[in-house]
Asks: 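Following this message is one structure expressed as structure tokens.
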Amino acid sequence: MPYKMNFNDRCYQILKTIPLGKVTTYKSIAQKLNSKAYRAVGNAMNKNPHDPNLYPCHRVISASGNIGGYAHGTEAKKERLKSEGIIIEKGKIDLNKFEFRIN
DNA sequence: CGGTTGACCAAGT
DNA sequence: GACTTGGCCAACC
């Protein structure tokens with residue numbers, strides 16, 4: 001990898017490593033970057049300039065298990081997660097089952 | 001360079 | 001369990 005990457009690009013790199021059927025949290029991504037920029041991670045997802053198919057920002061949810069937001073609508077995000085095999089009950093995801101723990 | 005804005009988080013009420 | 005509060009940090013204006 002190149003020497004320097006801005007904050008956003010590092011988020012996108014991590015995004016690509018999330019396997020199908022798993023999710024991660026804004027918090028986890030920030031931690032992987034040795035940072036507490038939870039909110040900045042959300043901003044990065046929102047402005048994602050890349051192809052959403054290569055950078056699955058819908059697999060990023062909030063640390064509390066809530067869905068979080070989605071540029072194309074929260075409902076669409078839920079549907080997409082469900083279609084990947086993730087179970088959502090009462091608007092929440094069981095992180096113990098579905099969280100992809102980075103390294 | 002200060003102020004505002006979020007797809008946030010944790011703790012408290 | 002819903003709502004408020006204070007804290008966090010990069011991007012943007």
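Proteins come first, then strands; the chains are lettered A, B, ... in the order of their sequence lines, and each starts at number 1. What's counted below: heavy atoms across the whole structure, side chains too, no hydrogens, waters or symmetry copies.
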Asks: So if I take residues 71-97 of chain A and measure heavy-atom distances to DNA chain C, which residues fall below 4.0 Å?
Replies: none

Asks: Whole Å only: how far is the NE2 atom of A:His50 from the P atom of B:dA7?
Replies: 18 Å

Asks: With a 4.0 Å heavy-atom cut-off, tell me which residues in residues 33-40 of chain A come close to DNA chain C, sorted by residue number.
Replies: A:Lys36, A:Ala37, A:Arg39, A:Ala40

Asks: Between B:dA7, B:dC9, B:dA10, spot the one nearest the side chain of A:Asn46, thanks.
Replies: B:dA7

Asks: Please report the shortest heavy-atom distance between A:Ala63 and A:Thr25, naming the atom on each side.
Replies: CA-CG2, 3.8 Å

Asks: Tell me whether A:Glu84 is salt-bridged to A:Lys22, with the criterion being a basic N under 4.0 Å from an acidic carboxylate O.
Replies: no

Asks: Hey, can you tell me if A:Tyr55 and A:Tyr12 have their rings parallel, tilted or perpendicular (30° and 60° cut-offs)?
Replies: perpendicular

Asks: With rounding to whole Å, what would you report as the distance between B:dA7 and C:dG6 at their P atoms?
Replies: 22 Å

Asks: Working to the nearest 0.5 angstrom, can you tell me the gap between A:Ile88 CD1 and A:Lys77 NZ?
Replies: 9.5 Å

Asks: Less than 4.5 Å apart, any side-chain heavy atom of A:Val60 and any of A:Leu15?
Replies: yes

Asks: What is the distance, rounded to the nearest whole Å, between atom CD1 of A:Ile29 and atom P of B:dA7?
Replies: 15 Å

Asks: Give, for atom CE of A:Met5 and atom CZ of A:Arg10, the distance between the pair rounded to the nearest 0.5 Å.
Replies: 8.5 Å

Asks: Apply the test side chain to side chain contact (heavy atoms under 4.5 Å, CB included) to residues A:Cys11 and A:Leu33: give CA-CA distance (whole Å), side-chain angles for both, the deciding distance (0.1 Å), then the verdict.
Replies: CA-CA 8 Å; A:Cys11 291; A:Leu33 298 176; 3.9 Å; yes

Asks: Working to the nearest 0.5 Å, report the span between NZ of A:Lys78 and OG1 of A:Thr74.
Replies: 7.5 Å

Asks: Looking at B:dA7, does its base get a donor-acceptor pair with the side chain of A:Tyr70 below 3.5 Å?
Replies: no

Asks: Atom CG of A:Asn66 to atom P of B:dA10: distance rounded to whole Å?
Replies: 12 Å

Asks: I need the OH-P distance between A:Tyr12 and B:dA7, as an integer number of Å.
Replies: 13 Å

Asks: Are A:Val23 and A:Ile102 connected into the same hydrophobic cluster when the rule is that any two of I, L, V, M, F, W, Y join if their side-chain heavy atoms are below 4.5 Å apart?
Replies: no

Asks: Would you sort out whether A:Arg59 and A:Phe100 count as a side chain to side chain contact (heavy atoms under 4.5 Å, CB included), showing the intermediate values?
Replies: CA-CA 10 Å; A:Arg59 294 191 195 137; A:Phe100 169 59; over 6 Å; no

Asks: Given side chain to side chain donor-acceptor pair (under 3.5 Å), test A:Ser28 with A:Glu99 step by step and report yes or no.
Replies: CA-CA 10 Å; A:Ser28 295; A:Glu99 180 179 16; 3.0 Å; yes

Asks: With the criterion being N/O to N/O and under 3.5 Å, what pairs connect the protein with nucleotides 11-13 of chain C, and how long is each?
Replies:
{"from": "C:dA11", "atom 1": "O3'", "to": "A:Lys47", "atom 2": "NZ", "distance (Å)": "3.0"}

Asks: When the C1' atoms of C:dC13 and B:dC1 are considered, how many whole Å apart are they?
Replies: 12 Å

